[in-house]
Novice: 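One structure follows; several queries about it will come next.
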Amino acid sequence: MCDNGKANTHVLFCGPHFPASHNYTKEYLHNYLFIQVDHLPFESIPDLIGNYDICVVNSMRLNSDVIARASRMKLIMQYGVGLEGVDITAATNHGIKVARIPGKVTGNAASCAEMAIYIMLGLLRKQDEMQCSVRLKKLGDPVGDTLFGKTVFILGYGNIGIELAKRLRPFGVKILATKRNWASNDPKATLENGTHEDSVDEKGSHEDIYEFAKKSDIVVCCLTMNSQTGGLLVNIARGGLLDYKAVYEGLESGHLGGVGMDVAWMEPFDPNDPILKFPNVLLTPHVAGVTESSYRSMAKVVGDVALQLHSGKPLTGIEYAN
């Protein structure tokens, strides 16, 4: 209990990964002794989730069975935007709100956009082969390529896609983009300062996606394999967007010039997976949005939400999914 007799507000971080989310939030709230922030062992969460008011999901899946035990829960939220692991229908049925933190306001979108460029450059300049050359004391090898002059297809022109397009323009690339839902942004207004070759498809039909992909050198956040021969595929969106068998066969046949992934079909990724035998595969451990800037900003959002919930004020800084 607090000094004023009001019960503490308890915040639970779920899942064994992304430790900075819990650490930064606890640090932000360290002066507010009436807010308790915990990170429990994974296996104990189903038995103890009933003691918490807020649950922040990281890599744990909250199914209907776990949610049914959350008798005290008021809010389930993601430390970011992805809510695929939450059974939103079950949460709604139990009177629990589900929310995400918009990436645009926290710097998460900017962080992910920078990671996409890092992966593109790493593939183009053959990062793995460069490290081999260093170990072998070789100079002037491998021969890489430039981002300049390439056509980049951004599949998913939301907050991250918009930030990516902004950062790509100084590289002298042709930008293609598509989005399925134009509810919040006018794409033509967003790209009006680009080159005359910049193109946005407002419909996002499968036929248009295929056509864009076939004429692109680099496809970002792509869910089709029909890019031109030798094209690069970059995924910073969701691991399930890519079909493992298709990616593997594309690399083996040479249809794909390289694959860069910050998210994968299996997480954590198996370090012995045969796909890593290819030198033109660049894998990062789901850290596109994990930067000091974005994580400090998101910690503030989570902390402020906990303070608002404790005091009975409206919750701000989050976007509800139900």
Side-chain angles (χ1 to χ4, degrees), residues 9-32 35-42 45 52-62 75-86 98-119 122 156 158-164 166-167 220-221 234-239 260-264 267-269 283-310 315-321:
T9 294
H10 293 229
V11 181
L12 171 65
F13 278 75
C14 290
H17 306 294
F18 305 96
S21 60
H22 162 252
N23 294 334
Y24 286 2
T25 303
K26 195 165 187 175
E27 182 180 321
Y28 179 74
L29 291 167
H30 76 281
N31 288 328
Y32 302 96
I35 306 292
Q36 180 177 325
V37 181
D38 293 331
H39 185 211
L40 299 178
F42 191 77
I45 289 173
Y52 292 88
D53 304 282
I54 299 175
C55 177
V56 182
V57 292
N58 283 333
S59 57
M60 181 177 180
R61 292 194 170 274
L62 290 186
L75 176 69
I76 297 171
M77 63 185 298
Q78 175 61 279
Y79 207 84
V81 297
L83 290 169
E84 290 79 8
V86 180
V98 180
R100 60 175 60 86
I101 302 176
K104 185 176 182 180
V105 298
T106 60
N108 183 68
S111 297
C112 291
E114 289 182 7
M115 175 59 84
I117 293 175
Y118 167 84
I119 292 174
N159 289 328
I160 295 174
I162 290 169
E163 292 297 324
L164 177 57
K166 291 178 185 176
R167 287 159 176 77
V220 184
C221 308
V234 175
N235 186 13
I236 58 165
R238 296 288 176 267
M261 301 178 293
D262 183 60
V263 289
E267 292 186 329
F269 199 76
L283 182 69
T284 54
H286 205 142
V287 291
V290 184
T291 62
E292 187 79 17
S293 172
S294 67
Y295 261 46
R296 292 289 184 192
S297 295
M298 288 190 285
K300 182 179 186 304
V301 173
V302 175
D304 288 346
V305 164
L307 292 170
Q308 291 161 357
L309 183 66
H310 184 83
L315 307 185
T316 62
I318 55 178
E319 179 181 276
Y320 289 111

Novice: I need the Ser294 OG to Tyr24 OH distance, nearest 0.5 Å.
Specialist: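 So the OG of Ser294 and the OH of Tyr24 are separated by 9.0 Å.
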Novice: Output the distance between atom CG (Asp262) and atom CG (Leu283), rounded to the nearest 0.5 Å.
Specialist: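 Between Asp262 CG and Leu283 CG, I get 8.0 Å after rounding to 0.5 Å.
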Novice: Give a yes or no answer on whether the side chain of Glu163 reaches the backbone of Cys112 with a donor-acceptor pair at less than 3.5 Å.
Specialist: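 Not confirmed, Glu163 side chain does not pair with Cys112 backbone.
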Novice: How many angstroms lie between atom CD1 of Ile119 and atom OG1 of Thr284, to the nearest 0.5 angstrom?
Specialist: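 Taking CD1 in Ile119 and OG1 in Thr284, the distance rounds to 4.0 Å.
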Novice: Under 6.0 Å from the OH atom of Tyr32, do we count more than 12 heavy atoms belonging to anything else shown?
Specialist: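 Count not over threshold, so no.
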Novice: Between Phe18 and Phe13, is there a side-chain heavy-atom distance shorter than 4.5 Å?
Specialist: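 Result no, sub-4.5 Å side-chain heavy-atom pair not found.
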Novice: State whether the number of non-hydrogen atoms from other residues, nucleotides or ligands found under 6.0 Å of His17 atom NE2 is greater than 12.
Specialist: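 More than 12 heavy atoms, drawn from other residues, nucleotides or ligands, come within 6.0 Å of this atom.
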Novice: Give the C-alpha distance, both sets of side-chain angles, the deciding distance and a yes or no for side-chain contact (heavy atoms from CB on, under 4.5 Å) between Glu27 and Arg296.
Specialist: CA-CA 10 Å; Glu27 182 180 321; Arg296 292 289 184 192; 3.1 Å; yes
Novice: Within a reach of under 6.0 Å around CZ of Arg61, are more than 12 heavy atoms found that belong to other residues, nucleotides or ligands?
Specialist: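 Not more than 12 within 6.0 Å, no.
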Novice: Using 0.5 Å steps for rounding, measure from the NE2 atom of His22 to the CG atom of Asp38.
Specialist: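 Going from the NE2 atom of His22 to the CG atom of Asp38 covers 6.5 Å.
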Novice: Is Glu267 salt-bridged to Arg238, cutoff N-O under 4.0 Å?
Specialist: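 Not counted as a salt bridge, because no side-chain N and carboxylate O are separated by less than 4.0 Å.
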Novice: Working to the nearest 0.5 Å, report the span between CG of Leu62 and SG of Cys14.
Specialist: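 SG of Cys14 is found 5.0 Å from CG of Leu62.
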Novice: Quick one: closest heavy-atom pair of Tyr79 and Ala299, and the distance?
Specialist: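 For Tyr79 versus Ala299, the nearest heavy atoms are OH-N, 3.0 Å.
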Novice: Does either side chain, that of Gln36 or that of Tyr52, offer a donor lying less than 3.5 Å from an acceptor on the other one?
Specialist: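 No, no side-chain donor-acceptor pair sits under 3.5 Å.
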Novice: Calculate, to the nearest 0.5 Å, the distance between atoms CZ and CG belonging to Phe42 and Asn58 respectively.
Specialist: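 Those atoms lie 11.0 Å apart.
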Novice: Quick one: do Asn108 and Ile101 satisfy side-chain contact (heavy atoms from CB on, under 4.5 Å)? Show the steps, please.
Specialist: CA-CA 9 Å; Asn108 183 68; Ile101 302 176; over 6 Å; no
